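Here is the structure we will look at, set down as structure tokens.
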There are 2 protein chains.
Amino acid sequence: MLHALVGTLGKYVSLTQEEIDVIASLFSFRTFRKRQYILQEGEINRHETFIVKGVTRTYEVDEKGQEHIVQFGLEDWWIGDLYSFLTETPTKYNIDCIEDTEVFQITKTNLEALYEKVPKMERHFRIIIQNAFIASTNRVASSLVKSAADRYLDFIAQYPQIEQRVPNHQIASYLGITPQSLSRIRSQVNKK
Amino acid sequence: MLHALVGTLGKYVSLTQEEIDVIASLFSFRTFRKRQYILQEGEINRHETFIVKGVTRTYEVDEKGQEHIVQFGLEDWWIGDLYSFLTETPTKYNIDCIEDTEVFQITKTNLEALYEKVPKMERHFRIIIQNAFIASTNRVASSLVKSAADRYLDFIAQYPQIEQRVPNHQIASYLGITPQSLSRIRSQVNKK
DNA sequence: AAATTTCATTAACCTAGGTTAATTTTCTCT
DNA sequence: AGAGAAAATTAACCTAGGTTAATGAAATTT
């Protein structure tokens, strides 16, 4: 379990045994059941969460009660509402598990301690966030430029693992369309 | 000029005079005219750019030749295609100036040198990117959840300075709608 | 200041994707 | 294995926003 975390934390910077011990002391391990919430709207997101095993979804509920998936989470990904975590204000997102999920979590205090004790983690997290920002920028650009059908094809090309493990109506939600529209798009794609 | 840069670089971390001198030695100052490109599609983005004065737009051109604005840039903001900058691959974006614009720029080599010589800059840029990522996540969420009219109202509430300085058809492009639709939305908003 | 280009607005018509509803297929739980 | 719930599909109809086109108002350029 721990080696999945350490392997990823050591991806952009190399770590000594002492540093690994510090890391082990500052994170906690948790398991969640399928359907279980990791975070609910209105709570303050007290942990950033690293997925060891499982699949999660982060979604917003609009005034009509409809769910809109903002992000999926898979093995080795970080999830959590960074804004709520950093500002200690209530989140507007919900995060729950699509499969049984195992995670490591770190609090804000412990993350700050980690930056103090292992300064190179500052670099690690800068790079993690940089990559997340680039992915998010690309998603904005593609929502401006591309049709729903193209976004669907891009999605299955980019995240084939997710397509296998997540029901279609949740992929539709991620793409910003209805399940009916996705079904229509899929049947048109299959014709060709 | 330099104090605008240093003021911002010192926003999240405090700086000594030596550190300020290092910063001054690693950045270069440039001016661009209105309409002038800072970056063009196909180039490698060799600099991250800090705006001292002026307004910029970052946009993608689709296969039909239509422009889609991904980001505006204003005083004290960082612009540039981070992906192209970091991976040294050709960018798909164009950046040009909506007004005459003054900037500080830093190359990848010099940014790495800055991280070596002033390690606390690693923290500064982590926070900058963190904020940009949060803004981008919110933009994804609002494009999934909100109507064009609501996105327009959010935009003018959040960036009143941009609304003053940027023509409407470019705001329409940023919102992902046509100038005609924006005009229709604006006339409906004014009725109420 | 005249000419030209760029921008904003309005209107008629069109289309991608939404809505509602019914049917079938696939999960999930006992 | 069988009942009930959740998910996927299809079809008829609807709507937000796109497209095309025309007109006038502002900016720029000469």
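Residue numbers start from 1 in every chain, and the chains themselves are labelled A, B, ... in the order their sequence lines are given, proteins ahead of strands. Given the structure is predicted, the values throughout are model-derived calculations rather than measurements.
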Reading DNA chain D from 5' onward, which residue's closest nucleotide shows up sooner: A:Pro179 or B:Lys64?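 First, find each residue's nearest nucleotide; the 5'-ward one identifies A:Pro179.
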Check the distance between [N]'s [atom2] and [X]'s [atom1] and give it to me in whole angstrom.
| X | N | atom1 | atom2 | answer |
| --- | --- | --- | --- | --- |
| A:Gln170 | D:dA7 | CD | P | 7 Å |
| A:Leu175 | C:dA16 | CG | P | 17 Å |
| B:Gln180 | C:dT6 | CD | C1' | 14 Å |
| B:Tyr152 | C:dA8 | OH | P | 11 Å |
| B:Arg186 | D:dA25 | CZ | C1' | 14 Å |
| B:His68 | D:dG18 | NE2 | C1' | 12 Å |
| A:Glu163 | D:dA8 | CD | P | 11 Å |
| A:Gln66 | C:dT20 | CD | P | 9 Å |

Using the ring of B:Tyr12 (Phe, Tyr or Trp, six-membered ring only), decide whether B:Arg126 places NZ or CZ under 6.0 Å from its centre and within 45 degrees of its axis.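 Not satisfied by the 6.0 Å and 45° rule.
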Quick check on D:dA8: is either OP1 or OP2 less than 4.0 Å from any side-chain nitrogen or oxygen of A:Asn168?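 Yes, within the criterion.
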Just to confirm, is there a sub-4.0 Å distance from OP1 or OP2 of C:dT6 to any side-chain nitrogen or oxygen of B:His169?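 For C:dT6, OP1/OP2 do not have a side-chain N/O of B:His169 under 4.0 Å.
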Strictly below 4.0 Å, N to O, side chains only: are [X] and [Y] in salt-bridge contact?
| X | Y | result |
| --- | --- | --- |
| A:Glu88 | A:Arg46 | yes |
| A:Glu48 | A:Lys108 | no |
| A:Arg35 | A:Asp96 | no |

So which one's nearest nucleotide on DNA chain C is more toward 5', B:Ser181 or B:Arg35?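 First, find each residue's nearest nucleotide; the 5'-ward one identifies B:Arg35.
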Can you find a heavy atom in the side chain of A:Lys92 that is under 4.5 Å from one in the side chain of B:Asn138?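 Yes. Closest side-chain heavy atoms under 4.5 Å.
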Of the options [options], whose atoms approach the side-chain atoms of [X] most closely?
| X | options | value |
| --- | --- | --- |
| B:Arg151 | C:dA8, C:dT6, D:dG17 | D:dG17 |
| B:Arg184 | C:dC7, D:dG18, C:dG17 | D:dG18 |
| A:Thr178 | C:dA8, C:dT19, D:dG17 | C:dT19 |

